[in-house]
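Working notes, beginning with the structure itself.
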Amino acid sequence: AVLSGVGLSRADLAAEVAAEPQLLCARADNIARRIASLRDRVGLSDPQIGSFLLVAGGAKGIHACDVAPRLEFWIPFLGSFETLLRILKGNNVLVLSDLEKVIKPNIALLQECGLTVCDIAKMARFAPRMFTSNPKQVEGFVRRADELGVPRTSGQFKYMVGIFANISEGSATARMEYLSRRLGCSMDKLRSAVQKLPQILGLSETNLGSKIEFLVGKVRLEPEYLLKTPKLFTYSLEKRLVARHYIVQVLAAKGLKGLKKDVPFCSYVQLGESCFVKNFIDQHENVVPGLSDAYAALRAGKVPPEVQH
């Protein structure tokens, strides 16, 4: 009755109990008091409370403790209740970890590194584990970022620290060795690429390997070029790299837009989706029948229908 009072349906209640069976053993007055705290202290509406209870960790939080102080801290820190809900889907421990012993010390450590509150709030979106890890572990994440030579004043520093929060030291080392071997480059050159874009260490070896095979084997890019433009590794292989390369090669073969077969790969791969479609698909659909269907098929990972050359 207490939970249905915030607008949860029978199906919602069943899902909540399935996620946290011990909720059935909790005293009704404790749950009622904690829900009232979310309403009166944090200022959440009943629909918002219902949404919180249904995300991973919401039911556990309301059963285990009074989560109001944690939500009262996180909502203004992150900027909105909706942002908190999105993050909780990836790491529900955010509202279960100790504020004073874990979360606040970790935030203080990041601030000591020169990161702003805005920087740290962004980190909660892509590396929420940073905030719920033991503070000693967070010191280790920072140390590893320093060892890779990413300046603390660099805009990439927060991403480098975040990567180390998401993958183990062993995994990061293995990823570096794999890239060095596949690209045939020294560790020093690879470090320079990682300093530009730490996110590449968060990609799996399978992901990286398939992109290297395509970019070097099919597009004929030099490994040295990939090291200078590591952002290429972050694009989807099917939806962006393969699909766009195919379309541009078809247009170049017909001599459209003054394109040549050696048109710079990055010149069209880095365009926004709407811009690419407008300039390379829509403008030529009448001249090259089947172009848009081929592009759609490639983006879906399928063999494209024949394009009329």
Side-chain angles (χ1 to χ4, degrees), residues 80 82-83 85-86 89-90 122 125-126 155-156 159 163 175 178-179 182-185 190 192-309:
S80 72
E82 289 69 28
T83 299
L85 280 186
R86 287 195 296 271
K89 293 177 181 178
K122 287 180 181 177
R125 296 178 174 86
F126 62 81
Q156 296 300 323
Y159 296 108
I163 287 295
R175 206 71 37 85
Y178 176 80
L179 282 169
R182 287 298 304 269
L183 295 173
C185 65
L190 184 56
S192 295
V194 172
Q195 289 168 6
K196 292 178 184 176
L197 200 71
Q199 292 91 326
I200 61 176
L201 288 185
L203 301 174
S204 69
E205 290 182 10
T206 299
N207 184 305
L208 291 166
S210 60
K211 289 173 182 175
I212 291 172
E213 184 176 346
F214 174 74
L215 293 170
V216 175
K218 184 72 174 178
V219 185
R220 303 298 181 188
L221 297 179
E222 294 294 332
E224 187 77 19
Y225 183 80
L226 298 183
L227 291 170
K228 292 179 180 178
T229 54
K231 189 171 179 61
L232 289 176
F233 288 118
T234 66
Y235 295 135
S236 167
L237 180 61
E238 291 81 13
K239 293 183 178 181
R240 193 149 186 156
L241 301 179
V242 172
R244 293 191 180 189
H245 180 66
Y246 177 89
I247 294 299
V248 172
Q249 290 303 296
V250 168
L251 296 177
K254 289 187 70 68
L256 296 175
K257 285 186 68 69
L259 293 174
K260 299 179 180 179
K261 289 191 176 182
D262 60 352
V263 58
F265 187 67
C266 278
S267 68
Y268 55 86
V269 166
Q270 293 183 340
L271 290 176
E273 181 63 16
S274 61
C275 185
F276 178 81
V277 170
K278 176 182 177 181
N279 288 283
F280 290 87
I281 305 292
D282 295 345
Q283 287 189 17
H284 305 291
E285 183 66 23
N286 292 333
V287 181
V288 187
L291 196 63
S292 61
D293 289 340
Y295 185 60
L298 285 161
R299 281 177 56 82
K302 301 176 182 177
V303 177
E306 184 177 354
V307 175
Q308 296 181 24
H309 296 267

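Any value given below was found using the heavy atoms of this structure, including those in side chains, with hydrogens, waters and symmetry copies removed.
- One finds no salt bridge joining K228 and E222 here, because no Lys/Arg side-chain nitrogen approaches an Asp/Glu carboxylate oxygen to under 4.0 Å.
- Between E273 and R244 there is a salt bridge, since a side-chain N of the basic residue sits under 4.0 Å from a carboxylate O of the acidic one.
- In this structure, the side chain to side chain contact (heavy atoms under 4.5 Å, CB included) partners of T83, at least two apart in sequence or on a different chain, are L78, S80, R86, I87, R125.
- A 4.5 Å side-chain heavy-atom check between Q270 and Y235 finds at least one atom pair inside the cut-off.
- When all heavy atoms are compared, the tightest approach of L203 to K211 is CD1-NZ, 4.4 Å.
- Scored by the side-chain hydrogen bond (donor to acceptor under 3.5 Å, both in side chains) test, D282 finds no partners at all (sequence neighbours excluded).
- Nearest heavy atoms, L227 versus C185: CD1-CB, 3.7 Å.
- We find the CZ-CZ distance between F214 and R220 to be 11.0 Å, quoted to the nearest 0.5 Å.
- Considering every non-hydrogen atom in both P198 and Y159, the closest pair reads CB-C, 4.1 Å.
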Could you walk me through whether F276 and R240 pass the side chain to side chain contact (heavy atoms under 4.5 Å, CB included) check? CA-CA 10 Å; F276 178 81; R240 193 149 186 156; over 6 Å; no
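- Distance NZ/K196 to NZ/K231: 13.5 Å, rounded to 0.5 Å.
- No donor-acceptor pair under 3.5 Å is formed between the side chain of E238 and the backbone N or O of A300.
- Considering all non-hydrogen atoms of both residues, L241 and L215 come closest at CD1-CD2, 4.3 Å.
- Separating the CD atom in E205 from the CD1 atom in I212 is a distance of 10.0 Å, to the nearest 0.5 Å.
- Taking the six-membered ring for Trp and the full ring otherwise, Y295 and F280 have centroids separated by 6.0 Å or more.
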Does L197 form a side chain to side chain contact (heavy atoms under 4.5 Å, CB included) with F233? I'd like the steps, not just the answer. CA-CA 10 Å; L197 200 71; F233 288 118; over 6 Å; no
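- Here the closest heavy-atom approach between residue L183 and residue P223 is recorded as O-CB, 3.3 Å.
- Atom CG of N279 sits about 7.0 Å away from atom CG of L271, to the nearest 0.5 Å.
- By the 4.5 Å heavy-atom criterion applied to side chains, L291 and L251 are counted as neighbours.
- Rounded to the nearest 0.5 angstrom, L226 CG and L179 CG are separated by 10.0 Å.
- Closest heavy-atom contact between L208 and R175: CD1-CD, 3.7 Å.
- When the shell of 6.0 Å around CD of E213 is examined, it contains 12 or fewer heavy atoms from other residues, nucleotides or ligands.
- Annotation: the span from L298 atom CG to K239 atom NZ amounts to 13.0 Å, rounded to 0.5 Å.
- K254 places a side-chain heavy atom less than 4.5 Å from the side chain of V287.
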